[in-house]
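Notes follow once the structure below has been shown.
Keep in mind it's a predicted model, so treat the numbers as computed, not measured.
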Amino acid sequence: MRNQWSSFSFFLLVASKALAEDGISEKTILLGQTIGVTGTIAGPVKEMTEGANAYFELINSQGGIFGRKIDLRILDDKFDPKLTASNAESLIKKQRVFAMFQTRGTPHTQAVLALLKENQIPLIAPGTGATLFHQPINPLLFNVRAKYQTEVEKAIEHLSTTGVKEIGVLYVDDSFGLDGLEGFNNAMTARSLKPVTVTKFDRVKPDYQATADAVIKANPKALLIISSSKNTIEAIKAIRAKGSQMQLVTLSNNSSQSFIKELGPAGAGVIVCQITPAPNLSTTELGKEFKTAAKASGATVSYAGMEGFIAAKVLVEGLRRTGRNLTRERFIDALESMKKVDLGGLMINYNNKTHSGSEFVELTMIGKNGNFIR
């Protein structure tokens with residue numbers, strides 16, 4: 001009898017330890033997200049979170065992960081880095097989430113790094129491609145999307161090889177803009193090109209008319225715009241309203257149907273970098289899976305939605321590889337075991353020396369009918 005009770009006590013001890021990790025219960029895995037549900041990037045954020053939720057709902061409908069369903073708690077940071085930090089602190093210290101998921105914005109993700117380190121909380125799929133989150137490696141941060149500088153390189157390569165040499169850059173004056181500017185300078189130097197204009201504007205209080213006047217006066221044949229959705233939209237509208245037909249190029253953070261809709265006629269011909277395969281591409285397993293899940297959940301079929309979907313898929317794959325005994329340490333180890341994993345058309349690569357995830361980048365153009373043309 002003593003041996004039986006000893007065995008039972010040992011079982012209870014093991015079981016209690018297995019459930020001792022914050023955010024883990026017998027039936028749920030609690031995740032936290034702070035993101036701009038309202039504010040200047042609300043449009044693309046809506047599509048991105050719809051895509052992520054489409055995958056989480058699919059997994060939950062199948063019984064979850066080892067019987068545990070995903071519970072994602074979302075707090076609105078209004079695209080304000082200070083509120084991002086405050087929200088993250090609430091999610092980590094009060095709601096005690098197991099992991100953080102898909103912040104949005106470079107200064108915003110920077111704002112949570114100290115909290116992640118202090119509490120040893122992993123962050124999966126930050127919605128930023130800034131190099132500082134890739135190099136040096138952060139053991140708690142797992143990128144999914146390609147680097148912004150890779151996007152910039154691809155854009156400059158395309159322009160220069162098609163004969164466009166007179167290129168300028170317009171960038172927002174924050175850590176996101178500075179990261180893109182560094183990539184721009186490197187790409188131009190590598191091709192022995194000199195920028196026609198290097199113009200910056202304030203993220204919080206931009207003067208679109210003055211900005212448009214400055215870049216038009218410089219007269220580049222192509223202008224790379226490195227900024228968030230709303231600011232990019234207003235800058236493009238101001239440039240087009242003044243009659244300029246220079247080729248405009250922007251990055252994948254502006255890839256959403258809401259971006260196209262808000263641009264209206266001014267969007268035709270704008271080149272947009274993409275960091276996922278086309279969301280409506282039925283020739284890939286990933287495209288088929290996304291379209292099916294989006295239809296079931298009512299999610300928008302867009303590049304932004306696909307980014308959220310892929311981010312959720314990566315997180316779930318890490319949870320599956322961890323097994324039933326779910327701890328943060330084991331989860332991080334499981335993610336690092338994802339060496340060259342094909343998600344069905346997109347390759348993800350992690351190990352203990354890189355958490356960069358994907359290097360996929362391609363260019364699209366906004367057509368007159370309001371769709372992205374590959």
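- Remark: Lys339 NZ is packed, more than 12 non-hydrogen atoms of other residues, nucleotides or ligands lying under 6.0 Å away.
- Enclosure of atom NZ in Lys242 by more than 12 non-hydrogen atoms of other residues, nucleotides or ligands within 6.0 angstrom is indicated.
- Heavy-atom contacts from other residues, nucleotides or ligands closer than 6.0 Å to CD of Gln120 number more than 12.
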Could you please spell out the steps behind the ring-ring contact (aromatic ring centres under 6.0 Å, His included) verdict for Phe56 and Phe101?
-> CA-CA 12 Å; Phe56 290 145; Phe101 175 69; 5.5 Å; yes
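- When each of Gln257, Glu47, Glu50 is paired with Thr300, the side chain to side chain donor-acceptor pair (under 3.5 Å) condition holds for Glu50 and for no other.
- In this structure, Ser229 and Asn254 have side chains that are in contact, with non-hydrogen atoms separated by less than 4.5 Å.
- In this structure, Phe98 has its ring center closer than 6.0 angstrom to the ring center of Phe331.
- Crowding of Glu118 atom CD: a count of heavy atoms from other residues, nucleotides or ligands under 6.0 Å exceeding 12.
- More than 12 heavy atoms of other residues, nucleotides or ligands sit less than 6.0 Å from atom NZ of Lys313.
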Check the pair Lys288, Glu285 against salt bridge (charged side-chain N to carboxylate O under 4.0 Å, His left out), reporting the backbone distance first and the verdict last.
-> CA-CA 5 Å; Lys288 292 177 185 176; Glu285 288 302 314; 3.7 Å; yes
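- Classification of Lys69 and Asp71 as a salt-bridged pair fails, no side-chain N sitting under 4.0 Å from a carboxylate O.
- Annotation: side chain of Val249 is not in contact with side chain of Ile225 (no heavy-atom distance under 4.5 Å).
- Between the side chains of Asp76 and Thr38, at least one donor-acceptor pair of N or O atoms lies under 3.5 Å.
- Between the side chains of Ser228 and Arg203, no donor-acceptor pair of N or O atoms lies under 3.5 Å.
- Side-chain contact between Leu31 and Leu315: present, with at least one pair of heavy atoms (C-beta onward) separated by less than 4.5 Å.
- Around atom NZ of Lys165, more than 12 heavy atoms belonging to other residues, nucleotides or ligands sit under 6.0 Å away.
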